[in-house]
Every structure is written in C-alpha cells, then in structure tokens.
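In what follows, a structure is listed as structure tokens, so that the remarks can point back to it.
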Amino acid sequence: MADDMLKSTNLPQNPERATLEGRNKFMGFWFFLGGETVLFASLFGTYLALKNSTVDGPAANEIFGLELVFLMTIILLTSSLTSVYAMYHMKNNDPKKMQLWLGITVALGLAFLGLEIYEFYHYVHGYHFGYTTSAFSSAFYTLVGFHGAHVAFGLGWIISLMVRNAKRGINLYNAPKFYIASLYWHFIDVVWVFIFTVVYLMGKVG
Amino acid sequence: MMKGWMSKFKAVFALVVLALVLSGCGEPFLSALQPKGEGAEMIYDLMILSIVIMLFVFVVVIVIYTFVIIKYRQKKQDPDFIPKQTEGNHALETLWTVIPIILLLILAVPTVQYTFALADTSPEVNEEGEEQDSLWVNVTGAQYWWHFEYDGLEVSTSQELYIPTDRRVYLSMSSQDVIHSFWVPSINGKMDVNPTGNTNEMTLLAQEEGVYWGKCAELCGPSHSIMDFKVVAVSPGEFEEWVQDMQQVTGEETPESATAQEGQELFADNCMSCHAIGADPNKIGPNLTNFGDRTKLAGVVDYNKENLVEWIQTKGEEMKPGNHMMDAGYELEDEEAEKIAEYLMGLSPSDITTENAEDSVYKDSDLSSLFPEEEEEEGEQSEDEEDGEESDEEGSSEDEENDEE
Amino acid sequence: MSATVKKAGFGATLWEYLTTVDHKKIGILYLVAGMFFFILGGLEAMLIRIQLIKPDNDFISAQFYNEVLTMHGTTMIFLAAMPLIFALMNAVVPLQIGARDVAFPFVNSLGFWLFFFGGVMLNVSWFVTGAPDAGWTAYAPLSIFSEGHGVDFYAIGLQISGFGTLMGGINFIVTIVNMRAPGMTYMRMPLFTWTAFIASVLILFAFPALTVGLFLLTFDRLFGANFFDPSMGGNVIIWEHLFWIFGHPEVYILILPAFGVFSEVVPTFAKKRLFGYSSMVFATVLIAFLGFMVWAHHMFTVGLGPIANSIFAVATMAIAVPTGIKIFNWLFTLWGGSIRLTSPMVFALGFIPTFTIGGMTGVMLGSAAADFQYHDSYFVVAHFHYVIVGGVVLGLFAGIIYWWPKMFGTMLNEKLNHWFFWLFFIGFHLTFFVQHFLGLMGMPRRYWIFLEDQGLDFFNLISTIGAFFMAAGTILFLYNVVVTQAKGVKVSGDPWDARTLEWAIPSPPPFYNFKQEPLVRGLDPLWIEKTEGDGKIKPAEPLGDIHMPNNSFVPFMMSLGLFIAGFGVMFQGSYWILAVIGFAITAGSMLYRSFKDDLGYHVHKEDLEDEKGDGSNG
Amino acid sequence: MADNTNSTNEKQQFYRKKHKEEMKHHVLTFAMMIAFTLIAFGLVIAGVSPMFTIPVILILAAVQVLFQLYYFMHMNQEGHEMPALMIYSGIFAAILTVLALSTIVWW
Ligand code: HEA
Ligand code: HEA
Ligand code: CUA
Ligand SMILES: [Cu+2]
C-alpha cells in the first residue's frame with residue numbers, strides 16, 4: 001500500500017483521489033474552501049459597510065483606474081487556465097509538462113502580485129490614500145490585501161511543491177498535493193472575480 | 001391598543017401567578033416587574049404571556065419526566081429485563097412538533113406588534129384627534145454620565161432627567177465615546193446609545209409621578225456599574241414651571257453668600273472648561289445648572305458637602321474609577337474646594353425638585369407654552385421621518401442639524 | 001515506534017505526549033488542558049461572586065473586576081468548554097465509526113497545540129499590563145480604547161486558538177465523511193458522532209467570521225486601521241455583527257455535542273434504543289441551520305429597527321421546535337425503559353429540566369420587545385448559565401464520566417460522582433435561579449458593584465452561596481479523579497453494558513483501535529451483536545498490516561512559532577524581532593514538514609496476532 | 001493491485017482521451033470567462049446607467065464563479081457531492097453575512 005504510493009507508474013484516472021489519504025486531503029480542502037467563502041464574505045461585507053466612509057480621504061471612483069485592474073484580471077484568469085493545463089498533464093502522468101505549466105502559472109501569479117504592489121504604491125504616493133487614511137481605505141486594503149496574501153501564499157505553496165518534486169514523477173503521494181494546490185489557485189481566482197466586480201467596477205460606477 | 005384578548009389572558013393568569021410571585025420583587029423605582037410607564041407595562045404584559053406559555057410547557061415536560069423516572073426504574077427483581085426497542089412514533093412526534101409551533105405563534109404575534117409599537121415615535125394625538133407637539137430630548141451618553149438637552153427649549157441638564165407625567169417624551173439618543181445603554185426599568189425597556197453617527201429613538205411615558213432609577217446597561221469601562229441616572233417625573237404643570245425656571249439661568253447670577261461668590265470665581269477659573277451652567281452646549285462634563293437639586297452626586301454618591309469636596313479634591317478617582325474628570329489639571333486648596341462646593345450646592349434655579357415628584361400635587365397643563373409657533377414645524381418635520389427603522393442619510397443630516405441648535 | 005509505551009520514564013512519556021498524533025492521546029491532552037482552564041475560569045467566577053456577595057463591596061477594584069469578568073467568559077467558552085468538547089470528540093468519534101484514527105492525525109495535533117498556546121497567550125496577559133477588560137464580546141469601540149495590551153492578548157490569543165479550532169472542525173468533518181467502517185451509513189451513526197459532525201460544520205462556517213473580526217480588531221489597535229473608530233468613519237456595529245455571526249452558532253457548537261452525549265447516555269442506561277432516531281438527526285441539522293439566521297437577537301437594543309428585530313425574533317423562537325423534539329425524544333426513550341441511575345445518567349436526568357428552563361428563558365429573550373427589558377441584565381446571565389452550565393457542563397461531565405473507562409481504563413467512584421452531582425446541581429440552581437429575578441428587578445450584568453437599598457442584596461447573597469456549592473462539587477470530582485487514577489483498577493471493555501462500537505474494544509483501546517475494520521450491521525452495532533449475535537463485532541476485512549502515522553514534533557513548533565510571533569506583533573518596536581523569529585519558526589516547520597515525506601509505518605500482521613487478550617472485533 | 005497485469009495501456013489511452021475532452025471544455029470555459037469580463041468592464045467604461053450595470057455585472061460575476069467551480073474545479077464530476085454541499089452552505093452563510101453588513105449597519 002504505502003510503498004506503492006511513491007511509484008509513478010500505472011496511475012488511475014484520478015490519482016488525486018485514489019488513496020484514502022488523497023481522498024481525505026481532497027475533501028478536507030474543499031471544506032476549507034467552504035470556510036474561506038465565509039471569511040471573504042465577512043471582508044466583503046465590511047468593505048461594503050464602509051465603502052462610503054471616506055472621511056477626508058479620496059473616494060473609490062477618484063482613485064481606481066480600470067486599465068490596470070483589467071490587466072490584472074486577465075492575468076489571473078489566464079493563470080487559472082494554465083493551472084488547469086498542469087492538472088491535465090498530471091492526470092496524463094506527464095510530470096515535465098505539468099511542471100512547465102505550473103511554472104507559467106507561477107509566473108503569471110508573480111506578475112499579478114507585482115501589479116498589485118505597484119497599484120498600492122501608486123495609491124499611497126499618488127493619492128495619499130494610505131492604510132490609515134479613512135475607514136474606507138482600511139477596508140479596501142484589508143480586503144484586497146487579504147486576497148493578495150492568498151496569492152502570495154499560493155505562490156509559495158506551488159513553488160515549494162515544484163521544487164520538492166522536481167526530480168521525481170507523479171505518484172499517489174504527491175498527486176493530491178498538486179491537485180489541492182490547484183484548487184486553491186482557482187479559489188483565489190473566484191475571489192478576484194468578486195473583487196474586481198464589487199470593489200473596482202462598482203466603485204467606479206458609484 | 002392591542003388590549004382585547006391580551007387583557008383577558010391577563011385577567012385569568014396575572015392575579016394567580018404573578019401578583020403572588022413577581023410584583024413582590026425589587027423596589028418600585030427600579031423593578032421591571034412593577035411597571036410605572038407605558039413601555040414597561042406593555043413589556044410586562046408580554047412577559048406574563050410568555051411566562052404563562054413557558055409554565056405550561058414546563059409542566060408538561062416535568063409531568064412526563066417525573067412519571068418516567070418513577071415508573072420505569074430498573075426493577076430489582078428483574079435486572080435483566082430488556083425493554084421493547086421502539087423506533088419512534090409518528091403521531092407523537094408530529095404532536096410535539098405542532099403544539100410548540102402553535103404556542104410560539106401565540107407569542108410571536110404580540111411580539112411583533114409590540115416591537116413595532118415600541119419603535120413608533122410618531123406624535124401623540126389628543127382627544128380632538130389633533131397631533132400634539134412632541135417634546136424631544138437629545139440624550140447623550142458619556143463615560144460615565146448622561147446629558148439631556150431639551151430640543152428647542154434651550155434647557156440642558158445632566159444626570160437627572162425631568163419629564164412630565166402622562167405625556168410621551170421622545171428621546172433621540174447617541175453617545176460621545178463608547179456604547180452605553182439607557183435603561184429605566186420601571187418606565188421602559190432599554191436602548192443603546194451608539195457613537196457611530198446614527199441616533200436611536202425611543203419614548204418615555206411615566207404614568208405616575210416619581211423619581212425612577214436609570215442604569216447604564218452596556219459595559220462601558222470601570223465605572224459602568226455606577227453610571228446611574230434618575231428620571232424625575234413631575235406633573236405637566238410642574239414640568240412647565242421647571243422648564244421656565246431653567247430657561248432663566250444664564251450662569252452669570254451672583255449667589256448670595258460671599259463664600260459662594262468666591263466659589264463662583266474659582267469655578268469659572270478651574271471648571272468652566274468642562275462644566276456649564278445654563279444652556280451652554282459644553283459637554284465635556286455634566287451640566288450643573290440645577291446641581292443644588294441633585295439627589296446624588298455624580299449619579300451614585302450620597303449628596304452632601306463632605307462628599308462633594310472629596311469629589312472635587314480627588315477628582316472622583318475613588319468614587320468613580322476611570323472617570324474623565326481625572327483629566328482635569330487644576331490644583332485646589334481644601335478651602336477653595338469648599339467654597340466651590342458651597343456655590344454649587346446653592347444652584348437651585350427652580351422650586352420644582354425631586355420632592356415635587358414625591359408629593360401628590362398634580363398640576364395639569366398641555367405644555368403649549370413650551371412650543372412657540374415657529375418651532376412647531378421643525379418639531380413635526382423631524383417626527384415624520386422617524387417612523388421607519390433605519391435612519392437613512394437624509395434623516396441623519398437632519399438629526400445633526402437638530403443637535404446643533 | 002513501539003506499540004507498548006508502557007512503563008516508560010517521565011521524559012519519554014512527556015515526549016510521547018508532545019509529539020503524539022494519536023487521537024486518543026490528543027483527547028487526553030484536550031481533557032487535561034480543558035479541565036485546567038475550567039478550574040481557572042471557575043476561580044474567576046468565584047471572584048465575581050465574592051465581589052457581589054454584598055452591596056458596595058470593595059473586595060476587588062473596578063478595573064480588575066472587568067478583567068476577571070472578561071477572562072471568566074472567554075476562558076470558559078473558548079478554553080474550557082470548546083476543548084472539553086474536542087476531548088470527547090477525539091476520544092470517541094473515531095471509535096464510534098470504527099476508524100483507526102482521524103483523517104489528519106498531524107493536523108489534529110496541530111489543532112491542539114494552537115489552541116493550547118492561544119490559551120496560554122490569553123492568560124499571560126494577567127502578568128503583562130493586565131488582562132482584557134471589554135467583556136468576552138469585546139464590543140468596539142470600548143475594546144479599541146481599552147488601554148494596555150489586554151485586548152491585544154484577547155485578539156491574538158483567540159486568533160491562534162481559533163485556527164486550532166477551525167482545523168479540528170475540518171478534521172472531524174472529513175473523518176466522519178470518509179472514514180466510517182463498512183456498513184456504518186450516515187443513518188447508522190451514533191448521535192454523538194452526528195452532533196460532532198454538525199458542530200464541526202458549524203465551526204467551519206462560524207469561525208471565519210470571528211477570524212475576520214479579530215483581524216480587524218488587531219489592525220485597528222496595532223496598525224492604525226479605522227474599522228471601528230467613529231471619528232475616522234469607522235462603524236462599531238460591524239464588530240457586533242461579525243462577533244454574533246460567529247457567536248450565536250458558537251453556542252450551538254457547544255450544546256449540540258452535549259445533546260449528543262445525552263443521546264448516548266440515555267439509551268444506554270434506559271436499555272432502550274433512542275426514540276425517534278431520524279427525527280433527532282433531523283432536529284440537529286435544523287438547529288444548526290436556523291442557528292445561522294438568528295444572531296441579531298443579541299442586538300435587539302442596538303437600534304436595528306422593528307423590521308429586522310421582528311424577523312430575528314421569529315427566527316429565534318423557531319429554534320424551540322427542533323430543540324423541543326429532542327427533549328421529548330429523550331423523555332420517550334426513557335418511557336418504557338429500564339432505567340439505571342448511574343452517575344452519567346443522573347447528570348443526563350439533571351440536564352433535562354434545567355435545560356428546558358434555560359431554553360424557555362431563551363425563547364422569552366427572543367421576544368424582541370420584551371428583550372428591551374431583559375437585555376444585558378442578570379436575566380440574560382441566568383439564561384445562558386442555565387443552558388451552558390445546565391446543558392453543556394452537565395453534558396461534558398456526563399460524557400467524561402461515561403467515557404472515562406474508555407479513555408483511561410479505570411472507573412471513577414460512583415458514590416463520589418453522585419455527591420459531586422448533587423452539590424453541583426443544587427449549587428447551580430441556587431446560584432442562577434435567583435438571577436432571573438435580579439435581572440428583572442433592575443440589575444444589569446457586568447456590574448462591579450450594586451447599590452444598597454435597591455432590593456438586590458438578598459438574591460445576590462443566595463447566588464454567591466450557591467457558587468460555593470458548585471466549587472465544592474468540582475473539588476470533589478477532582479479528588480475522585482486523583483484517587484481513581486492512583487488506585488488504577490482496570491475495567492473491562494464494556495463496563496456500562498453499552499450499545500455502540502467503541503465499547504466493543506478494550507479499555508483503553510490499543511493504539512490502532514481496531515485490529516480489523518469492524519462490520520456494522522445497524523444502529524447500535526454492539527447492541528445488535530449482543531442481542532442477535534455472540535456479542536462480538538464481526539470483522540469486515542482479514543487480519544492485515546495496519547498503516548499508522550508517525551509522531552511529530554512539528555505541530556508543537558509551528559504553534560510555538562505563532563505564539564512567539566504574537567508578542568512581536570503586539571509590542572512592536574524592537575520586539576519586531578520576535579515576530580521575525582516566530583514566523584520563521586512556523587514557516588521553517590512547515591517547510592520541513594513538506595520537504596520530508598511522511599509515509600507513516602506499518603504494524604505487521606504477525607505482531608497483531610501476538611497482541612493478546614484484547615477481545616477486539618474477532 | 002489487481003489491474004497491474006490488465007491491459008494498462010488501453011486504459012491509459014482511454015483516460016487520455018477523456019482528459020483531452022475535458023480540456024476542450026476548459027478552454028471553452030476560459031473563453032467565456034474572458035468574454036464576461038470584457039462585457040463587465042465594457043459596461044462600466046461605457047458609462048451605462050448604474051441601475052442596469054450593477055445587477056448585470058454581479059450576475060456575470062456569479063456565473064463566472066460557477067464556471068470556475070464546475071469546470072476548472074471539477075465540481076461537475078462525480079465524487080463532489082459533499083464538496084458541493086459544503087460550498088453551497090458556505091455560500092449561504094456568506095450571503096447572509098454580506099446582506100447583513102450591507103443593510104443593517106448604518107453608513
Ligand atoms: C449553550 C449555549 C446556549 C444555548 C443552547 C442557547 C439557546 C437559546 N438562546 Fe441563548 N445565549 C447564550 C447561550 C445559549 N443560548 C449565551 C452565552 C448568551 C449571552 C451572550 C452574551 O451576551 O454574553 C445568550 C443570549 C441569548 C439571547 C440574547 C439576550 C440578550 O443579550 O438580550 C437570546 C435572545 O433571543 C437567546 C435566545 C436563545 C434561544 C431562543 C435559545 C434556544 O435554542 C432554546 C431552545 C430550547 C427550548 C425552548 C427548550 C426545550 C423546548 C421545548 C420543551 C419545546 C417547547 C417549547 C416552547 C414552545 C417554548 N440567547
Ligand atoms: C462555559 C461557560 C461558562 C461557565 C461554565 C460558567 C460558570 C460560572 N459562571 Fe459564568 N459566564 C460565562 C460563561 C460561563 N460561566 C460567560 C460567557 C459570561 C459573560 C462574560 C461577559 O459578560 O463578558 C459569564 C458571566 C458570569 C457572571 C456575570 C458577571 C457579570 O455580568 O458581572 C457571573 C456572576 O455570577 C458568573 C458566574 C458563574 C459561576 C458561579 C459559574 C460556576 O458554574 C463555576 C463553577 C466552577 C467552579 C466554581 C470551579 C471550581 C473549582 C475550584 C474552585 C477549584 C479549587 C481550586 C483548586 C483545587 C486548585 N458568570
Ligand atoms: Cu455606560 Cu455602562
Ligand atoms: Cu444567540
């Protein structure tokens with residue numbers, strides 16, 4: 001049993017769910033995402049409650065620029081697709097290609113994060129819109145920052161998986177790990193869809 | 001309003017159960033079980049109704065419970081007896097689903113009615129069906145005292161709220177620091193005062209004259225438990241008189257005795273930055289216009305000169321831990337403090353005091369002298385938009401306008 | 001790894017417990033830590049009661065009273081009741097469903113250590129600038145303005161232990177979903193497992209709201225954010241919502257497992273199958289579902305307006321229906337049974353009327369208009385101690401006594417337990433029954449002193465006297481534990497003549513639980529085998545190697561890291577170095593964990609055959 | 001493992017085909033998501049009335065999320081009953097939370 005777990009030949013159709021450990025990870029992670037949904041909902045709720053509390057600081061439609069957000073959105077959406085590609089190759093037991101696509105995903109994630117940091121920098125220095133400027137600014141940075149922190153954590157996670165498994169193939173032991181990392185990545189994307197809609201687009205609309 | 005069947009219910013049970021048990025409880029000026037005001041009475045009805053329902057449920061549970069425990073104990077002679085392993089019983093299970101639902105509906109309907117009734121701050125209507133002018137008081141909670149500002153009357157007071165009996169008094173409430181909760185159990189339920197912009201509203205209607213004890217019911221710091229205040233309900237005529245007397249005070253009046261005059265000067269030098277006498281809007285510390293008529297010092301301490309001097313000299317450090325008079329920078333000799341005390345204790349601009357709430361003299365009035373013509377519209381306007389629950393942006397800005405006046 | 005760590009030295013035992021990933025040992029850890037905090041919280045309660053023994057008492061200062069009061073509530077809820085529930089869940093759930101362990105043994109251990117370090121952190125505050133003083137609900141802006149670091153300890157300590165709880169919750173959901181033995185369908189699961197399952201689901205969805213709330217509080221206090229600062233546009237009501245969106249489900253997280261315990265104890269000692277099993281399950285789910293839609297009943301006086309108040313009032317009352325179903329099902333389980341008054345049963349029987357009273361006052365509170373009088377008065381204090389002490393604590397003690405033989409292989413002295421019960425029970429009613437009246441007579445809660453001549457003296461005195469009875473009872477229980485363990489008389493696998501799977505294996509169970517996976521043939525599997533078979537559970541698989549996880553010190557280190565980092569974040573300045581060190585320890589431990597394959601080990605078939613006399617399923 | 005000796009190759013071949021099929025769906029999903037994003041941004045940039053824009057972009061977001069969940073995260077495959085249950089429960093709690101925080105707190 002367990003000794004088979006490190007063999008990378010003859011994988012079943014869903015290697016991530018072939019062992020009990022795998023199934024546990026798979027289930028557990030989905031449930032975790034259920035909890036994360038509430039976590040982000042609380043942050044969104046807080047943001048919505050405070051989005052007009054700008055005191056003397058700038059308001060949403062004064063600072064948000066849609067070009068950058070659009071670019072970030074496309075990048076993150078694309079990274080979702082590339083991570084699906086990675087899983088596709090994982091299921092086909094093709095570790096090289098999987099690593100390649102994961103690499104692309106990471107690169108896109110890094111680009112996203114870089115743009116986000118640039119965006120924040122721009123707000124702070126261009127508009128004097130800092131974390132402590134108003135209740136609105138605190139809510140904005142906390143919500144978007146939490147998402148950014150998730151992206152950063154996801155990147156760290158995927159990179160360490162790639163490094164750890166660089167020299168070995170896909171097996172029943174690591175397939176679930178890759179799989180849930182990719183679930184996590186999709187979830188980050190899900191959250192972003194709401195961020196760009198609720199924060200940026202609705203902020204622009206008024 | 002929704003008497004009718006409710007009062008029949010009451011007639012049947014109230015005497016039996018509650019007159020015996022409940023109304024013996026507590027002091028009449030404090031207990032929610034001896035309602036002396038409109039709100040407290042409505043809530044008392046609701047309590048009785050719910051207690052009756054609960055007693056019914058409890059009796060059912062206890063009867064079954066006692067029966068099974070006595071009847072179905074393991075028999076000594078037959079310890080190996082194996083009872084029948086019943087799976088359930090649909091009829092029974094339906095029964096104890098449906099009956100509670102019915103009981104809850106009986107409770108839910110008046111609950112919703114009363115919830116709306118208690119939130120209703122539309123003006124009272126007199127016998128002729130005309131809307132009466134509403135007496136609005138802006139209530140501000142602060143660590144650890146209460147401020148009351150009579151809207152449009154140029155009267156401010158702290159710690160002791162004078163109201164007329166038999167007439168609704170409308171409260172518009174907020175806080176200047178943390179959350180407090182305004183509670184006069186024998187007149188009405190409580191309502192929080194929040195620091196976040198919005199104002200809450202409720203009404204007080206005292207049916208009997210008296211000095212009712214009020215409490216802060218939301219943890220607000222070390223002296224939360226002694227953030228007490230009083231509601232002094234006097235007859236409408238007396239109230240009218242009181243307001244007129246209070247309106248005369250400017251704070252410039254010179255007291256009679258020489259020591260008190262010195263005290264006044266000392267007070268002006270050391271205390272006026274926080275305390276006001278007259279309708280001055282200063283709200284860092286309590287308004288002391290009628291301090292001479294207080295029943296308690298700072299809400300809880302026995303009212304006498306000794307205590308007052310101690311209060312001034314210790315800035316209330318021991319008497320009210322954490323209170324904000326401790327921020328005061330003054331240094332006084334004991335003598336000086338005594339002079340101030342003499343001055344303060346002489347501040348009694350009105351003949352109407354708590355004693356008038358305790359005697360049985362009733363002076364009637366429709367309070368119309370308190371509402372000059374042009375004020376009327378203002379008053380009505382702010383009432384109109386207050387029947388809904390959420391004060392929206394508009395409502396709030398109007399409230400703020402009111403505050404500034 | 002040896003199967004028998006018996007007779008190991010103190011050091012080895014300590015190391016074993018620091019690194020264990022065995023659910024039974026983690027259960028014991030939770031039990032010990034939970035009891036410790038229960039006594040601590042109880043001592044705080046005694047301070048409260050002594051202060052309130054007479055009017056105008058100056059036994060403790062106002063500030064200290066607020067700290068004691070806050071820590072009493074926080075400790076009892078988060079550090080006593082929750083871990084004790086986890087103790088029972090860990091000790092029992094895997095056994096009840098025929099599993100060898102929980103789904104994530106490593107995470108299980110991590111959950112415990114996070115909780116533990118979070119709890120320690122909270123209590124360190126006593127020695128550093130004072131404990132939190134804004135009530136266990138920490139309403140903003142009082143919690144924002146509170147001086148010193150008390151509330152920081154509250155926010156960070158609860159955050160850390162909250163992570164632990166969340167992990168524990170997910171762990172149990174997965175365990176129950178994925179690891180049931182063959183034949184153990186959902187509708188054959190014992191009710192304790194069901195309630196553990198539903199409580200875990202509640203944890204999963206309720207705790208994130210607290211997590212966010214605590215983050216916001218931390219950011220406001222430590223990093224200058226403005227969520228709750230009115231002068232910067234902050235809104236204090238957000239905290240109240242977030243806290244109660246968590247807080248109300250939390251009380252059902254506490255009570256449901258207690259309901260589960262009673263649903264095990266009552267059938268066992270009435271010798272009768274649980275009446276209306278499926279409606280019990282249904283009621284549990286319904287309570288959980290409704291539990292998410294009533295939180296604003298804690299906020300009736302906030303000024304949400306009559307529409308919101310009415311909606312939440314009606315939703316609140318609705319919860320009485322499923323709870324009532326449970327009460328009556330227990331009563332009818334007793335009906336026609338053959339009742340043995342063992343000590344767990346006595347606790348269960350004490351629970352029924354007590355909780356009914358508590359629930360009924362709950363419904364009274366749910367009546368929004370009337371709550372304007374009850375709210376934040378001792379009436380509420382009475383309500384929640386009736387449901388928490390009369391429900392949760394009685395349930396926990398019933399469970400601890402009931403499963404004590406399974407956890408430790410010894411039997412607590414029945415006589416002492418009965419004494420404990422009566423002292424505690426009578427003391428409880430003395431303490432809290434009169435508090436209903438105190439509240440209605442105008443005594444708000446969280447009062448450091450009450451005044452003379454307000455008619456409150458007598459009932460407060462009674463209440464304090466009652467608390468001493470409870471303390472005496474608890475001390476008796478502790479004495480019982482010590483004596484029993486010192487004697488160490490071993491008992492059989494099934495000392496109560498019980499019905500469920502955990503009683504089919506020895507007490508305490510071998511570390512792999514079941515030699516062979518058991519085959520479950522229905523509800524109450526052991527009872528079925530006793531009445532229809534030879535009293536032994538049939539195996540579902542041939543004897544084979546058993547895969548076991550390795551012990552690990554990583555969870556301890558990860559939690560320690562966060563604990564250290566917490567101080568850095570709190571004190572800032574040059575203390576930032578602590579944050580760096582702490583987070584480095586945590587991150588390093590995580591990396592270590594992910595870079596070292598941990599495949600566990602196998603217990604070999606041959607060794608299992610050698611294991612003797614375990615009477616397990618074979 | 002019993003199927004070690006079976007015609008593993010055939011099986012792998014079959015899996016591969018299935019995976020490829022799935023991948024096609026994924027690319028299609030992706031295209032839709034990009035399209036939705038474009039529409040959402042387009043509406044806002046074009047300055048269409050907020051009364052119309054806000055509900056529409058919220059719906060677009062919701063649909064995108066369902067795409068993610070069902071296709072990218074494979075919730076459409078079997079074995080996802082429990083995850084679906086939990087996610088929907090989470091969404092239920094989430095909606096309540098957002099609703100409360102955006103209605104019954106004051107500005
Ligand atoms: C284990 C914990 C627990 C449990 C189970 C409950 C159960 C309930 N609680 Fe309680 N509650 C708390 C713990 C708990 N509570 C705590 C800690 C607080 C205070 C927090 C703080 O502010 O610090 C609190 C506060 C609290 C309030 C706020 C009071 C206030 O601050 O103003 C309200 C208001 O509605 C309430 C209601 C209820 C209701 C309706 C139930 C129901 O679930 C009860 C249902 C049970 C029954 C009704 C009994 C059995 C039923 C029958 C026999 C059937 C027939 C019955 C009828 C028809 C009535 N609770
Ligand atoms: C699980 C929850 C739980 C439990 C079990 C208890 C148990 C008790 N609680 Fe309390 N309580 C709360 C949760 C709980 N409480 C909460 C949430 C609050 C609200 C806090 C707030 O407002 O923020 C509260 C508030 C609260 C108050 C209100 C304070 C106020 O508003 O001013 C009071 C007052 O009487 C009180 C009393 C008690 C008493 C007497 C017990 C007793 O049952 C305790 C019995 C146990 C013991 C007495 C321990 C005995 C053991 C010993 C003494 C051992 C001796 C030592 C050695 C051998 C070393 N509690
Ligand atoms: Cu003000 Cu308590
Ligand atoms: Cu609740």
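None of these values were measured; they are calculated from a predicted model. Both backbone and side-chain heavy atoms feed into the values below; hydrogens, waters and symmetry mates do not. First the proteins, then the strands, lettered A, B, ... as listed; each starts at 1.
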Output the option from C:T361, C:T333, C:I325 having the highest count of non-hydrogen pairs under 4.5 Å with chain B. C:I325
In this structure, are over 12 heavy atoms from other groups packed under 6.0 Å from C:F433 atom CZ? no
CD1/C:I357 to CZ/B:F58 distance, rounded to the nearest 0.5 angstrom? 4.0 Å
Between C:S367 and chain B, with a heavy-atom cut-off of 4.5 Å, which part of the residue counts as in contact: side chain, backbone, both or neither? both
Nearest heavy-atom pair of C:A62 and B:P321: which atoms, and what distance? CB-CG, 3.8 Å
Region of C:N66 in contact with chain B, defined by heavy-atom distances below 4.5 Å: side chain
Do you know which of C:G336, C:P230, C:G324 has the most heavy-atom pairs under 4.5 Å to chain B? C:G336
Flag the pair B:P185 / C:Q373 as yes when at least one side-chain heavy-atom distance between them is below 4.5 Å, and no otherwise. yes
Region of C:E240 in contact with chain B, defined by heavy-atom distances below 4.5 Å: side chain
Note: B:M47 and C:Y374 closest approach over all heavy atoms is CG-OH, 3.0 Å
So which residue, B:V57, B:V184, B:V193, B:N188, ends up with the most heavy-atom pairs under 4.5 Å with chain C? B:N188
Beyond-backbone contact of B:P195 with C:V236, side-chain heavy atoms, under 4.5 angstrom: yes
Heavy-atom closest contact (C:G442 atom, B:W183 atom, distance): CA-CH2, 3.9 Å
So does C:G303 get a backbone contact from the side chain of B:D192, meaning a donor-acceptor N/O pair under 3.5 Å? no
Of the listed B:L118, B:T86, B:L107, the one with the largest count of heavy-atom pairs under 4.5 Å with chain C is B:T86
Looking at chain C, which one of B:A40, B:G322, B:C220 has the largest number of heavy-atom pairs inside 4.5 Å, strictly under? B:C220
Do C:K272 side-chain atoms and B:Q85 backbone N/O form a donor-acceptor pair below 3.5 Å? no
Any idea which of C:Y447, C:W448, C:F228, C:F459 has the most non-hydrogen atom pairs under 4.5 angstrom with chain B? C:Y447
One should read off an interatomic distance between C:M441 CE and B:S186 OG, to the nearest 0.5 angstrom, of 13.0 Å
4.5 Å side-chain heavy-atom contact, B:E218 and C:T301: no
Highest number of heavy-atom pairs under 4.5 Å with chain B: which of C:D133, C:T137, C:L349? C:L349
Taking atom CZ of B:F67 as the centre, does the number of heavy atoms from other residues, nucleotides or ligands within less than 6.0 Å exceed 12? yes
Tell me which of these, B:P100, B:C216, B:G39, has more heavy-atom pairs under 4.5 Å with chain C than the rest. B:C216
For B:Y114 and C:A369, work out which heavy atoms get closest and say how close. CB-CB, 3.7 Å
Leading residue by heavy atom contact count with chain B [cutoff under 4.5 Å; candidates C:Y139, C:F269, C:F275]: C:F275
Side chains of C:S338 and B:K75: do they bring a donor and an acceptor to under 3.5 Å? no
When the 4.5 angstrom heavy-atom criterion is applied to C:F450 and chain B, the contacting part is neither
Select one option (side chain, backbone, both, neither) describing which atoms of C:D524 are under 4.5 Å from chain B's heavy atoms. neither
Point-to-point distance, once rounded to the nearest 0.5 Å, from CD1 of B:I51 to CE of C:M364: 4.0 Å
Would you indicate whether the side-chain heavy atoms of C:F328 and B:E93 approach each other to under 4.5 Å? no
With a 4.5 angstrom heavy-atom cut-off, is it the side chain or the backbone of C:A140 that approaches chain B, or both, or neither? backbone
C:I449 portion near chain B, given a 4.5 angstrom heavy-atom threshold: both
What option among B:E27, B:E87, B:H90, B:M191 has the most heavy-atom pairs under 4.5 Å with chain C? B:E87
With only heavy atoms counted, which part of B:V60 is less than 4.5 Å from chain C, the side chain, the backbone, both or neither? side chain
Would you mind checking which part of C:Y277 comes under 4.5 Å of any heavy atom in chain B, side chain (CB onward), backbone (N, CA, C, O), both or neither? backbone
With side chains defined as the heavy atoms from C-beta onward, is the minimum distance between C:P141 and B:I179 less than 4.5 Å? yes
Which answer fits C:L274, side chain, backbone, both or neither, if we ask what part of it has an atom under 4.5 Å from a heavy atom of chain B? backbone
B:I62 versus chain C, heavy atoms under 4.5 Å apart: side chain, backbone, both or neither? side chain
In this structure, CG of B:L92 is separated from CG of C:N329 (nearest 0.5 Å) by 9.5 Å
Check: B:T196 main-chain N/O paired with C:N235 side-chain donor or acceptor under 3.5 Å: no
Flag the pair B:F116 / C:S310 as yes when at least one side-chain heavy-atom distance between them is below 4.5 Å, and no otherwise. yes
What part of B:I99 gets within 4.5 angstrom of chain C, counting heavy atoms only: side chain, backbone, both, or neither? neither
Which portion of C:A368 sits near chain B, non-hydrogen atoms under 4.5 angstrom: both
I'd like to know which of B:K84, B:M54, B:K71 tops the heavy-atom pair count under 4.5 Å against chain C. B:M54
Note, B:K215 side chain near C:D376 side chain (heavy atom, < 4.5 Å): no
For the student: nearest non-hydrogen atoms of B:I226 and C:L451, plus distance: CG2-CD2, 4.4 Å
Under a 4.5 Å heavy-atom cut-off, does chain C meet the side chain of B:D228, its backbone, both or neither? side chain
Is there a side-chain contact between C:F145 and B:V178, using heavy atoms and a 4.5 Å cut-off? yes
Contact origin within B:L105 toward chain C - heavy atom pairs under 4.5 Å: neither
Which answer fits B:L104, side chain, backbone, both or neither, if we ask what part of it has an atom under 4.5 Å from a heavy atom of chain C? both
Work out which heavy atom in C:A270 is nearest to a heavy atom in B:P83; give both atom names and the distance. O-CG, 3.7 Å
Using heavy-atom distances under 4.5 Å, tell me whether C:W527 contacts chain B through its side chain, its backbone, both, or neither. side chain
From B:I43 CD1 over to C:F372 CZ, what is the distance, rounded to the nearest 0.5 angstrom? 7.0 Å
Could you give the distance from CH2 (C:W335) to CD1 (B:I69), rounded to the nearest 0.5 Å? 13.0 Å
